[in-house]
Participant: 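Pasting a structure below so you can have a look.
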Amino acid sequence: MYYNTNKEAGKTLRKSKKKAFNQGKMILAIFQQNPKSKFTPEVILQKLQAVHLNYPITSIRRAMSDLKEEGYLIKTDDKAKGDWGKNVHLWKIGKRPG
């Protein structure tokens with residue numbers, strides 16, 4: 001999902017929506033390919049960067065939250081050290097409702 005907080009329109013808005021949609025698909029694919037694994041947003045960022053996809057960490061967190069709301073991901077109570085030495089939640093694949 002793309003949040004149009006900067007009031008884009010026309011072609012620019014369509015391009016931004018497509019990029020956000022593709023980002024969500026890439027993140028979900030990582031979890032689907034590793035169904036028994038749990039990841040932090042930072043690990044997801046590293047995995048995307050490994051295939052030359054660079055997204056801001058805030059966009060990855062937002063996409064993961066959107067995927068959680070849609071039932072694709074679960075934010076667990078488990079935590080691991082994040083990039084800044086703080087504990088961050090681990091996420092895992094969910095079961096899509098329906």
Side-chain angles (χ1 to χ4, degrees):
M1 177 177 286
Y2 177 71
Y3 296 85
N4 193 15
T5 57
N6 54 356
K7 310 292 187 230
E8 292 178 351
K11 186 186 264 187
T12 302
L13 178 58
R14 285 190 299 278
K15 185 176 179 182
S16 293
K17 284 182 177 182
K18 182 178 180 182
K19 184 175 182 180
F21 177 76
N22 289 336
Q23 176 184 337
K25 282 178 35 178
M26 295 297 298
I27 291 169
L28 183 56
I30 292 169
F31 283 95
Q32 289 172 330
Q33 293 167 4
N34 301 279
K36 295 183 180 183
S37 297
K38 297 176 187 177
F39 301 111
T40 65
E42 290 89 346
V43 170
I44 295 298
L45 173 64
Q46 292 167 5
K47 288 182 175 295
L48 292 169
Q49 288 173 335
V51 294
H52 308 289
L53 294 172
N54 293 309
Y55 299 110
I57 188 68
T58 53
S59 293
I60 290 170
R61 285 192 175 106
R62 181 177 285 179
M64 289 173 68
S65 292
D66 290 343
L67 289 166
K68 177 177 90 59
E69 292 302 314
E70 294 169 6
Y72 291 108
L73 296 182
I74 296 169
K75 183 178 181 179
T76 73
D77 291 331
D78 301 331
K79 296 181 183 178
K81 287 272 188 229
D83 289 347
W84 300 100
K86 300 287 184 183
N87 287 330
V88 294
H89 286 272
L90 289 163
W91 297 65
K92 66 180 184 176
I93 193 76
K95 292 185 179 178
R96 174 89 167 118

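Side chains included, hydrogens not; waters and symmetry mates left out as well; all remaining heavy atoms used.
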Participant: Restricting to non-hydrogen atoms, name the atom on A63 and the atom on I27 that form the minimum distance, rounded to 0.1 Å.
Facilitator: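 A63 and I27 have their closest heavy atoms at CB-CD1, 3.7 Å.
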Participant: May I have all residue pairs that pass side chain to side chain donor-acceptor pair (under 3.5 Å) and include part of residues 79-94, sequence neighbours excluded?
Facilitator: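 Residue pairs passing side chain to side chain donor-acceptor pair (under 3.5 Å), neighbours aside: none found.
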Participant: Hey, does the side chain of Q23 reach the backbone of S59 with a donor-acceptor pair shorter than 3.5 angstrom?
Facilitator: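 Yes, Q23 side chain to S59 backbone: donor-acceptor pair under 3.5 Å.
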Participant: Is Y72 reachable from Y55 through a run of I, L, V, M, F, W or Y residues, each pair having side-chain heavy atoms under 4.5 Å apart?
Facilitator: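 Both belong to a single hydrophobic cluster.
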Participant: Should L48 and I57 be counted in the same cluster of Ile, Leu, Val, Met, Phe, Trp and Tyr side chains packed under 4.5 Å apart?
Facilitator: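 Yes.
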Participant: Roughly how far, to the nearest 0.5 Å, is CD1 of I60 from CG of L45?
Facilitator: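 One gets 4.0 Å once the value is rounded to the nearest 0.5 Å.
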Participant: Could you give me the CA-CA distance, side-chain angles and deciding distance for D66 and L73, then say whether side-chain contact (heavy atoms from CB on, under 4.5 Å) is met?
Facilitator: CA-CA 9 Å; D66 290 343; L73 296 182; over 6 Å; no
Participant: May I have all residue pairs that pass salt bridge (charged side-chain N to carboxylate O under 4.0 Å, His left out) and include part of residues 33-53, sequence neighbours excluded?
Facilitator: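 Applying salt bridge (charged side-chain N to carboxylate O under 4.0 Å, His left out) to every pair that reaches into residues 33-53, excluding sequence neighbours, yields K38-D78, E42-R61.
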Participant: Once rounded to the nearest 0.5 Å, what's the spacing between atom CD1 of I74 and atom CG of L67?
Facilitator: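 The CG atom of L67 is 12.0 Å from CD1 of I74, to the nearest 0.5 Å.
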Participant: Side-chain contact, heavy-atom cut-off 4.5 Å: M64 with F31?
Facilitator: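 In contact.
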Participant: Going from CD1 on I93 to CG on L28, what distance comes out if it is rounded to the nearest 0.5 angstrom?
Facilitator: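 So the gap between those two atoms works out to 5.0 Å.
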Participant: With A80, which residues qualify under side-chain contact (heavy atoms from CB on, under 4.5 Å), at least two apart?
Facilitator: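 Here the qualifying residues are T40, L90.
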